[in-house]
Protein chains: 2
Amino acid sequence: MDFDLGARLRAVRELQGLSQRELAKRAGVTNGTISLIEQNRVSPSLSSLKKVLDGIPMSLADFFALNTGPRPKIFFGRDELLEIGGGAAISYRQVGHDLAGRGLQILHERYAPGADTGKAMLRHAAEEGGVVLKGELEITVGDQRRVLGPGDAYYFDSRTPHRFRNLGDEPCEVVSACTPPSF
Amino acid sequence: MDFDLGARLRAVRELQGLSQRELAKRAGVTNGTISLIEQNRVSPSLSSLKKVLDGIPMSLADFFALNTGPRPKIFFGRDELLEIGGGAAISYRQVGHDLAGRGLQILHERYAPGADTGKAMLRHAAEEGGVVLKGELEITVGDQRRVLGPGDAYYFDSRTPHRFRNLGDEPCEVVSACTPPSF
DNA sequence: GCTTTTCGTTTAATATCTTAGACGATCTAA
DNA sequence: TTAGATCGTCTAAGATATTAAACGAAAAGC
């Protein structure tokens, strides 16, 4: 665990002015269980933790979202972004050279026949969308997949895994936008 | 449990395109454990659930806060783009109908010959850019002016006054992006 | 056709969690 | 001082979760 579950539960319980026994009674568990959890001597089952939180009451989502303060900027161009290098098969022509301080990245993309952004699907914290200009492009986002033709468009949260492939036999052109820039 | 833990985990896992075994390997648990959890035949210990989510990766907070609402539309056929402010001379076809919560607006624009966004130049707090697909477009930004042709592109801070005009005798097409949405 | 791989599931054995109950410490009231 | 109440902790026994291995089904290669 990357956080102190026991301390978190204890803090929440004491904030409510509840004793271990009182909370245990409300939750339908024994006081010993709560004691052990608060000492981090066991890793409670979800059913137990849920019962305990119901006795406070507090949702699991709220419990885990506690005290997290300003969300750390994870996912920040962290992985796979350059793996797109389907090599010569895919070319990106970026509008503008310096992305520093920008909130928006615009690309004119060209996918050669058979070009593929890769099997390990891309993930980055942003939103992106685009319009297909020429050719056909198969786009997979999460468990949804569709082949888009000229004039068709897409838009999705970039955190869901996605993949682009040109399944046709002619080059495919796309103008895409992404915010914030991920390259 | 007031929600289907097993189904939630399965949905998250499959959205990543991971098999039970692949995820188990990443998480440091056995595939059987994941199978049993997804069938709700056990209530996993928090340590186990944490390990599993680390293999995705996803935080506990995000997992329990997962949006169970309807999934947003991702793909848009060429006839499904939303017509905006459709003057006869200029048509804006927006990717996606609902901008609420979005950080990015993408438009497929068409300027008829002679079309003009107006003498009183536009100003809004955002950044925007685009790529010209067909025809020619005169763009004025502040005291700079230029005529762009197919493949040419632009990018500027929307707070500086700007104006678009199609001076040619054929229609002009542009794909543009703007953040945050200004309509 | 056949083999090989991968998929999710199941089961017996093991590891871990939860309970019931007891323990000492602390506080209050008689 | 004493008895009673309440606190958090601890431990053995029972309940549950996890593992390791095997299973049949389905897809992929040959």
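We name chains A, B, ... by the order of the sequence lines, and we start the count at 1 in each one.
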Between D:dA5 atom C1' and A:E22 atom CD, what is the distance in whole Å?
13 Å

With A:E173, the side chain to side chain contact (heavy atoms under 4.5 Å, CB included) member among A:L133, A:V131, A:N166
A:L133

Rounded to the nearest Å, what distance is computed from the CG atom of residue A:N31 to the C1' atom of nucleotide D:dT9?
9 Å

Parallel, tilted or perpendicular: ring planes of B:F64 versus A:F64, cut at 30 and 60 degrees
parallel

To the nearest Å, give me how far apart CD (A:Q20) and P (C:dT18) are.
14 Å

Any side-chain N or O of B:R21 below 4.0 angstrom from OP1/OP2 of D:dA21?
no

Rounded to the Å, how far apart are A:L23 CG and C:dT18 P?
14 Å

Within the 4.0 Å heavy-atom criterion, would you say A:S35 contacts the bases, only the backbone, or no part of the nucleic acid?
base

If every non-hydrogen atom of A:L137 is compared with every non-hydrogen atom of A:R165, which pair is closest and at what distance?
CD1-O, 3.3 Å

Has B:S48 got a side-chain N or O lying under 4.0 Å from the OP1 or OP2 atom of D:dT18?
yes

Please classify the nucleic acid contact of A:S45 as base, sugar-phosphate, or nothing, using heavy-atom distances under 4.0 Å.
sugar-phosphate

Taking 4.0 Å as the cut-off, does a side-chain nitrogen or oxygen of B:T33 come that near to OP1 or OP2 on D:dT18?
no

What is the distance, to the nearest angstrom, from the CD1 atom on B:I37 to the P atom on D:dA17?
10 Å

Between P on D:dA17 and CG on A:L49, what's the gap in Å once rounded to a whole number?
14 Å

At under 4.0 Å between heavy atoms, what does A:Q39 touch on the DNA or RNA strands: base, sugar-phosphate, or nothing?
sugar-phosphate

Any side-chain N or O of B:R13 below 4.0 angstrom from OP1/OP2 of C:dG8?
yes

Rounded to whole Å, please give me the gap between NZ in A:K50 and P in C:dT18.
15 Å

Pairwise side-chain contact, B:S59 with B:L53, heavy-atom cut-off 4.5 Å (strictly under):
no

One thing to verify: whether A:R8 and A:D4 come together as a salt bridge, which I'm taking to mean a side-chain N less than 4.0 angstrom from a carboxylate O.
no

Students often get this wrong, so: under 4.0 angstrom with heavy atoms, is B:L36 touching a base, only sugar-phosphate, or nothing?
base

Would you mind reading off the distance between A:R41 atom CZ and D:dA12 atom C1', rounded to a whole angstrom?
13 Å

Any side-chain N or O of A:S19 below 4.0 angstrom from OP1/OP2 of D:dC7?
yes

